[in-house]
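A quick write-up on the structure given underneath.
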Amino acid sequence: MLDQFDLSPLVTPAMDWFQVNKRDLPWRRDRDPYHIWVSEIMLQQTRVEAVKPYYQGFLAALPSIADLAACPQDQLNKLWEGLGYYSRVRNMQKAAEVIMEKFGGQMPSDYDAILSLPGIGPYTAGAISSIAFDLPAPAVDGNVLRILARVSEDDIDIKSDLAKKRAQAALEGVMPASGSGIFNQAMMEIGATACLPNGDPLCGQCPWKKYCLANRHGSWDHLPVRSKGKPRRIEERTVFIVRNGSRVVIDRRPDRGLLAGLYEFPNVREHLSEEAALAYAEQMGYEPLRIRRLEEARHIFSHVEWRMIGYEIRVSDAELAKEMVENVPADKISWPVDIGEISRKYAIPSAFAAYAKAIQLERGPKREDRVMGL
DNA sequence: AACGCGGGGAC
DNA sequence: GTCCCAGCGTT
């Protein structure tokens, strides 16, 4: 168990190992608090490889906290398009506003002040405090919980609040007076590159091998213990590509809930026949000319699965839609937008990627390899 | 304490 | 298919 395990001998080996074995990552090039902050928010529940294409572009577009605070919401979502958990970037902007108003535009160098900011919880507050300001605060993430469960052979449910509280307390007792950011990153690096979350751990390259009870007893196979989540529900949807030439109809999702404030192709919650789809288009205020069935698609969120069918409906005059907003179902407003303008301005979540592809719509961050045409 | 919230890579 | 990722906010 963790509370009967002495972590103090593990600190120096972890830090020494990290200096030699750390990966070269874009957010390790400097210790600017804003840069560290952006990277830590992006990395919440998100793999390093997924963050890489976004990090530089985000900071190039918004080089300072003041820029973030002043950024229009659509541009903000566009910079985050495809990264997921979009409330992260909304909260980050709220925090930027607080920093502008209360902290003179500078990230505060105080753990409790950092923790008070929207979108910053115990983990992120510890990461920013230690990496940017060398404050001795732990940063307990999934990696840290896993390696601590294994090294101390603790079978507590690492998803529980108690496990996080105990890990936090145990680490507070051994934080180095200087180099806390190195120590925190070292533990995460051990978890990410040696004490792997799936598949067999690479104990041969772990600096904690000789201290690790799971390694000594061969119990790593059933550690850590992690309770199961709720099974996801299934939703059927029909997606409409309503278009006239290069103009396609999109709508904006509600400000709360799943994919809040992002844009999408009009869709309904059941599978519609071709006849019903045509009726729906007419109800939206369009005059259908042709209809074509698109490929089926499936998108898995953490808590729901969409099983989608789609129709491309060519209409005679998409301009009319601007006058027909009252006919649009629910609280959504839809309107026709040029495809090129969608890719420049409007964030369309990955769930619609199959249908975005049907109109050759570019989504997601501009990557170097795509810019170079490779 | 449980749930909502994205997307994708590794197995 | 399952698991889980440099988690947080709400209820």
Side-chain angles (χ1 to χ4, degrees), chain A residues 18 22-23 25-28 36-55 77 80-92 94-95 114-132 138-147 157-165 167-168 181 183-193 195-200 224-233 253-254 256-262 264 298-306 347-353 363-365:
Chain A
F18 180 70
K22 65 181 174 188
R23 290 167 292 176
L25 301 175
W27 43 91
R28 287 181 176 164
I36 302 299
W37 176 30
V38 169
S39 73
E40 291 299 342
I41 299 297
M42 287 185 169
L43 286 161
Q44 287 171 2
Q45 291 292 286
T46 309
R47 296 170 190 283
V48 163
E49 291 307 315
V51 169
K52 280 182 179 174
Y54 290 84
Y55 175 74
N77 283 335
W80 211 263
E81 181 184 45
L83 193 53
Y85 285 154
Y86 298 90
S87 66
R88 290 183 291 178
V89 74
R90 284 200 305 279
N91 284 327
M92 195 163 55
K94 285 183 201 166
I114 295 170
L115 180 61
S116 75
L117 294 169
I120 297 185
Y123 162 75
T124 307
I128 296 172
S129 296
S130 62
I131 298 170
V140 179
D141 75 331
N143 290 309
V144 171
L145 289 166
R146 181 174 60 259
I147 68 174
D157 175 9
I158 61 166
K159 290 178 76 174
S160 68
D161 290 344
L162 182 60
K164 293 167 189 173
K165 216 172 136 182
Q168 178 87 17
F183 179 50
N184 283 335
Q185 292 183 83
M187 287 188 288
M188 294 189 277
E189 198 82 346
I190 291 171
T193 65
C195 199
L196 304 176
N198 50 354
D200 298 1
V225 172
R226 193 186 169 101
S227 57
K228 305 268 187 198
K230 217 179 65 169
R232 66 177 67 89
R233 69 177 185 276
R253 294 182 59 84
R256 322 193 66 154
L258 185 65
L259 306 171
L262 276 75
E264 65 182 359
R298 175 174 304 217
H299 189 80
I300 314 271
F301 301 94
S302 43
H303 60 299
V304 59
E305 173 178 341
W306 283 359
I348 309 267
S350 297
F352 295 95
R363 296 182 51 264

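Atom set for the values below is all heavy atoms of this structure, side chains included, hydrogens, waters and symmetry mates excluded. Just so we're on the same page: letters track the sequence lines, and every chain starts at 1.
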Remember a base hit wins even if backbone is also touched, and classify [X] as base, sugar-phosphate or nothing at under 4.0 Å, heavy atoms.
{"X": "A:Tyr85", "value": "base"}
{"X": "A:Val48", "value": "base"}
{"X": "A:Gly191", "value": "nothing"}
{"X": "A:Gly257", "value": "sugar-phosphate"}
{"X": "A:Leu262", "value": "nothing"}
{"X": "A:Trp80", "value": "nothing"}
{"X": "A:Lys164", "value": "nothing"}
{"X": "A:Arg28", "value": "base"}
{"X": "A:Arg90", "value": "nothing"}

[X] [atom1] to [N] [atom2], straight-line distance once rounded to whole Å:
{"X": "A:Leu259", "N": "B:dC5", "atom1": "CG", "atom2": "P", "result": "9 Å"}
{"X": "A:Asn91", "N": "B:dG4", "atom1": "CG", "atom2": "P", "result": "18 Å"}
{"X": "A:Gln45", "N": "B:dG7", "atom1": "CD", "atom2": "P", "result": "14 Å"}
{"X": "A:Arg232", "N": "B:dC5", "atom1": "CZ", "atom2": "P", "result": "14 Å"}
{"X": "A:Trp306", "N": "B:dG7", "atom1": "CH2", "atom2": "C1'", "result": "13 Å"}
{"X": "A:Glu81", "N": "B:dG7", "atom1": "CD", "atom2": "C1'", "result": "13 Å"}
{"X": "A:Glu305", "N": "B:dG4", "atom1": "CD", "atom2": "P", "result": "16 Å"}
{"X": "A:Ile41", "N": "B:dC5", "atom1": "CD1", "atom2": "C1'", "result": "15 Å"}

Partner residues of A:Arg47 under the salt bridge (charged side-chain N to carboxylate O under 4.0 Å, His left out) criterion, sequence neighbours left out = none
Which residues share a side chain to side chain contact (heavy atoms under 4.5 Å, CB included) with [X], sequence neighbours left out:
{"X": "A:Arg28", "answer": "A:Phe18, A:Lys22, A:Arg23, A:Leu25, A:Gln185, A:Glu189"}
{"X": "A:Ala95", "answer": "A:Trp37, A:Leu117, A:Pro118"}
{"X": "A:Tyr85", "answer": "A:Gln45, A:Arg88, A:Ser302"}
{"X": "A:Thr124", "answer": "A:Glu40, A:Ile41, A:Gln44, A:Ile120, A:Ile128"}

Under 4.0 Å between a side-chain N/O of A:His303 and OP1 or OP2 of B:dC5, yes or no?
-> yes
Where do A:Met42 and A:Ser39 land on the side chain to side chain contact (heavy atoms under 4.5 Å, CB included) test, with the steps shown first?
-> CA-CA 5 Å; A:Met42 287 185 169; A:Ser39 73; 5.7 Å; no
Sorted by position of nearest nucleotide on DNA chain B, 5' first, the leading residue of A:Ser160 and A:Thr46 is A:Ser160
Mind checking ring pair (Phe, Tyr, Trp, His ring centres under 6.0 Å) for A:Phe352 and listing every partner two or more places apart, or none if nothing turns up?
-> A:Trp306
Residues two or more places apart in sequence or in another chain: which of them pass side chain to side chain donor-acceptor pair (under 3.5 Å) with A:Asp157?
-> A:Ser227
Could you list where the contact with chain A starts and ends along DNA chain C, reading 5' to 3', using a 4.0 Å heavy-atom cut-off?
-> C:dG1 to C:dG9
Enumerate the protein-to-nucleotides 9-11 of chain B contacts in which both atoms are nitrogen or oxygen and the separation is below 3.5 Å.
| from | atom 1 | to | atom 2 | distance (Å) |
| --- | --- | --- | --- | --- |
| B:dG9 | N2 | A:Arg47 | NH2 | 3.3 |

Contacts of A:Pro118 and A:Ile131 projected onto DNA chain C by closest heavy atom; the upstream (5') one is A:Ile131
